[in-house]
Amino acid sequence: MNFIKRGVTSVIRKPGKALILLALVFVLGIIIAGAISIRQAVENTESNLRAKMSPVTMVSYDQSVLMAALKRTPEFVPEPLSVEVIEKIGALSYVKSFDYSTMVSLESDSLQSYDASGGQMMGFAYFGLKGVNNPDLIDLQEGRIELVAGRVFGEDEMRNLTFTAMVSQNFANENNLSVGSKMSLESKIYELSDEPIVWGPDGMMGERPVAASQMYEFEIIGLFEPVKQVREDNGMMDFQWIDTEVENRIYVSNRVANEIAAFQFNEEVKLDPERAKYSYSYYEPLYVLHDPLDLEKFKAEVQALTPDYFTVIDTAGSFDQVAAPMRSFQSIAVIILYTAVVAALIILSLVITLFLRDRKREIGIYLSLGERKSKVAGQIVLEVIVVAVLAITLSLFTGNILAGVISEWILIDQIAAEQASIDDIYGRSVMFTELDRMGYRSDISSDDLLQNYAVSLNWVTVFLFFAVGLGTVCLSTLAPIVYTTRLNPKKIMM
């Protein structure tokens, strides 16, 4: 009888020991299966939620790194990203489209801002201009605004100093403007003063001496409407000020924005020569990725192209907020997995060794009859594997079901506890980025997480579980095999 038949026959003839081994592997397998199922469920949930996020990112200063650098070297002056580096990043395979903007602010005594909340803006005379380099506006491509009248910028307007602008329909209505209308905005540089800024009862800033000013006249070539976003903020944050900012945003070419920025910078240097060490030319680059799941790869590429005080900002703020409990739970599951594997190795090794001690005479007979030790070891492994495969198969389904029930219950409690800890004293979420200010936000709520979280069996989970389970069982037979191969058949049979 070969060792394979002997192994199968041994399992059948000794059901008591086989059942003990089956029960041990089954219990340990449930723990391992549950931990693996939870780990895979978290990864699948994260992938599904990330795939729903906006693929828009921006490269900006990493404030924590920058502050640390300034603390070490107070005279340190961070260099802004050059156009060359911005375009190198834009040429990466992960990037679908990109643009970079110069942001400037102008004011007016005659134009009125539009208040998205429906109220009246008292004396608010400052307007943000957003320069663009790409005629196909990213905001338009990504559905943050819709063109309702007129046109976008032409290539000539991107290259030449042409004072044309795009404004929102509501802003235009507020000021009786339309496509083809002219509007005047002024750049004022105020004298430096140690006196605090005083705001009047009408919301206007108190009179301050003007050091220099420049008037600019713009022709309106297009009107847009912001696309209202459905925000699942549950009242945690008031986003109306973001809507107001978008409604009053004025799009111009970077050529125009840089002209205004240069004037403001030169006049400010006259007042404070120390400002000359800084650059007035600062671009805010925006990148749209082909796939949100490429974000980590994109970040790695950007890190290699930029100084360490730059970072990639994405729209994952709300995702990271709600995913924190899920990741904590995943970490616990990984710890349980490692602990269960180690425990299984120790327990199974001891149990199999004890079983073999009772079979010393049987093993001695095999060896005395000339059976090779490798075949005796193979018989032992086969006996264990036959039982283990059955136990692992049963524990796979049982562990998966228990993991689904228990993990979702624990996850709900963790989400509630985490949410309470990250809210400020006013009960509002404190997660906020520059992309939120620009109108890009991927709102992912705790409900979204729970709806997407599901412990299920797929081929990855099954393969991983069987690989870990059978690998653990095989490793646990090493000590018994060493014990067997060291037996002396003469001493056993004496």
**Message:** Check whether Tyr94 reaches the backbone of Glu296 with its side chain - one donor and one acceptor, N or O, closer than 3.5 Å.
**Reply:** no
**Message:** Around atom CD of Glu87, are there more than 12 heavy atoms from other residues, nucleotides or ligands closer than 6.0 Å?
**Reply:** yes
**Request:** Take Phe298 and Ile89 through the test side-chain contact (heavy atoms from CB on, under 4.5 Å) and record every step on the way to the result.
**Result:** CA-CA 9 Å; Phe298 175 70; Ile89 297 173; 3.8 Å; yes
**From Lys188 atom NZ to Gln214 atom CD, the distance as rounded to the nearest 0.5 Å** = 13.0 Å
**Asked** Can you check whether Ala172's main-chain N or O pairs, donor with acceptor, with Tyr114's side chain at less than 3.5 Å?
**Response** no
**Fill in**
residues 253-264 vs salt bridge (Lys or Arg N to Asp or Glu O under 4.0 Å), sequence neighbours excluded, gives Arg255-Glu259
**Residues forming a side-chain hydrogen bond (donor to acceptor under 3.5 Å, both in side chains) with Arg72, sequence neighbours excluded** = none
**Prompt:** Within the distance-only criterion (no hydrogens, no angle test), does the side chain of Asp272 pair as donor or acceptor with the backbone N or O of Glu268 below 3.5 angstrom?
**Reply:** no
**Asked** Taking the side chain from Asn266 and the backbone from Ala262, do they hold a donor-acceptor pair closer than 3.5 Å?
**Response** yes
Would you tabulate the side-chain donor-acceptor contacts of residues 132-139 under 3.5 Å, counting partners in other chains and residues two or more places apart, or write 'none'?
residue, atom, partner, partner atom, Å
Asn133, ND2, Tyr100, OH, 3.2
Asn134, OD1, Asp136, N, 3.0
Asn134, ND2, Phe98, O, 3.4
Asp139, OD1, Tyr440, OH, 2.4
Asp139, OD2, Lys130, NZ, 3.2
Asp139, OD2, Arg249, NH1, 3.1
Asp139, OD2, Tyr251, OH, 2.5

**Prompt:** With a 4.5 Å limit on heavy-atom distance, are the side chains of Met183 and Asn175 in contact?
**Reply:** no
**Prompt:** Quick one: OG1 on Thr461 to CD1 on Ile36, what's the gap to the nearest 0.5 Å?
**Reply:** 8.5 Å
**Message:** Please evaluate residues Ser168 and Glu247 with respect to the criterion side chain to side chain donor-acceptor pair (under 3.5 Å), reporting the C-alpha separation (whole Å), side-chain torsions for both, the decisive distance (0.1 Å), and the verdict.
**Reply:** CA-CA 6 Å; Ser168 76; Glu247 290 281 8; 3.3 Å; yes
**Message:** Would you say that more than 12 heavy atoms from the other residues, nucleotides or ligands in this model lie under 6.0 Å from the OH of Tyr338, or not?
**Reply:** no
**Message:** If you count heavy atoms of other groups shown closer than 6.0 angstrom to CD of Gln63, is the number above 12?
**Reply:** yes
**Item:** Interatomic spacing from CD1 in Ile313 to OG1 in Thr57 - rounded to 0.5 Å
**Value:** 9.5 Å
**Prompt:** Quick one: does Thr73's side chain have a donor or acceptor within less than 3.5 Å of a partner on Glu75's backbone?
**Reply:** no
**Prompt:** Any side-chain heavy atom of Val56 within less than 4.5 Å of one from Arg144?
**Reply:** no
**Message:** Looking at Glu146, I'd like to know if its CD atom is crowded, meaning that more than 12 non-hydrogen atoms belonging to other residues, nucleotides or ligands lie closer than 6.0 Å.
**Reply:** no
**Fill in**
What one should report as the nearest heavy-atom pair of Ser101 and Gly131 is OG-O, 2.6 Å
**Complete:** Nearest heavy-atom approach of Thr162 to Ser253 is O-OG, 4.5 Å
**Asked** Where do His290 and Val95 come nearest, in terms of heavy atoms and distance?
**Response** NE2-O, 3.2 Å
**Request:** Apply side-chain contact (heavy atoms from CB on, under 4.5 Å) to the pair Ile189 and Val210, showing each step before the final yes or no.
**Result:** CA-CA 6 Å; Ile189 307 300; Val210 177; 5.9 Å; no
**Asked** So, do Leu66 and Phe76 sit near enough that their side-chain heavy atoms are less than 4.5 Å apart?
**Response** yes
**Item:** CZ (Phe397) with more than 12 external heavy atoms under 6.0 Å
**Value:** no
**Asked** Side chains of Gln264 and Ser187: donor-acceptor distance under 3.5 Å anywhere?
**Response** yes
**Message:** So for atom CD, which belongs to Glu274, do other residues, nucleotides or ligands contribute more than 12 heavy atoms lying within a distance under 6.0 Å?
**Reply:** no
**Prompt:** Would you call Pro55 and Lys96 a side-chain contact if the rule is heavy atoms closer than 4.5 Å?
**Reply:** no
**Prompt:** For Asp115, which of Thr244, Asn248, Asn170 qualifies under side chain to side chain contact (heavy atoms under 4.5 Å, CB included)?
**Reply:** Thr244
**Message:** Under the side chain to side chain contact (heavy atoms under 4.5 Å, CB included) test against Tyr283, which residue among Val59, Asn258, Val85 passes?
**Reply:** Asn258
**Prompt:** In chain order, what residues pass the ring-ring contact (aromatic ring centres under 6.0 Å, His included) check against Phe310, with sequence neighbours excluded?
**Reply:** Tyr61
**Message:** Suppose we screen for ring-ring contact (aromatic ring centres under 6.0 Å, His included). Which residues come up paired with Phe163, at least two apart in sequence or across chains?
**Reply:** Tyr216, Phe218
**Message:** side-chain contact (heavy atoms from CB on, under 4.5 Å), that's the test. Do Ile336 and Ile332 meet it? Break it down for me.
**Reply:** CA-CA 6 Å; Ile336 292 173; Ile332 295 170; 3.9 Å; yes
**Taking every non-hydrogen atom, the tightest pair across Leu147 and Arg151** = CD2-CA, 3.9 Å
**Message:** What's the separation between atom CG in Asp314 and atom CE in Met58, rounded to the nearest 0.5 Å?
**Reply:** 11.5 Å
**Asked** With a 4.5 Å heavy-atom cut-off, do Ile30 and Leu402 have their side chains touching?
**Response** yes
**Asked** What are the two closest non-hydrogen atoms of Met166 and Phe224, and how far apart are they?
**Response** O-CE2, 3.9 Å
**Prompt:** Does Ser395 use its side chain to pair, donor to acceptor, with the backbone of Ile392 at less than 3.5 Å?
**Reply:** yes
**Request:** Before giving the answer on side-chain contact (heavy atoms from CB on, under 4.5 Å), spell out for Leu185 and Ile250 the whole-Å C-alpha distance, their side-chain angles and the decisive distance to 0.1 Å.
**Result:** CA-CA 11 Å; Leu185 295 169; Ile250 299 173; 3.7 Å; yes
**Asked** Does the side chain of Val167 reach to within under 4.5 Å of the side chain of Leu223, using non-hydrogen atoms?
**Response** yes
**Fill in**
For Thr339, the side-chain hydrogen bond (donor to acceptor under 3.5 Å, both in side chains) test, sequence neighbours excluded, returns none
**Closest approach of Ala261 to Val104 (non-hydrogen atoms, all atoms of both residues)** = CB-CG1, 3.7 Å
**Prompt:** Can you tell me how far the CG atom of Leu305 sits from the CD atom of Glu84, to the nearest 0.5 Å?
**Reply:** 10.5 Å
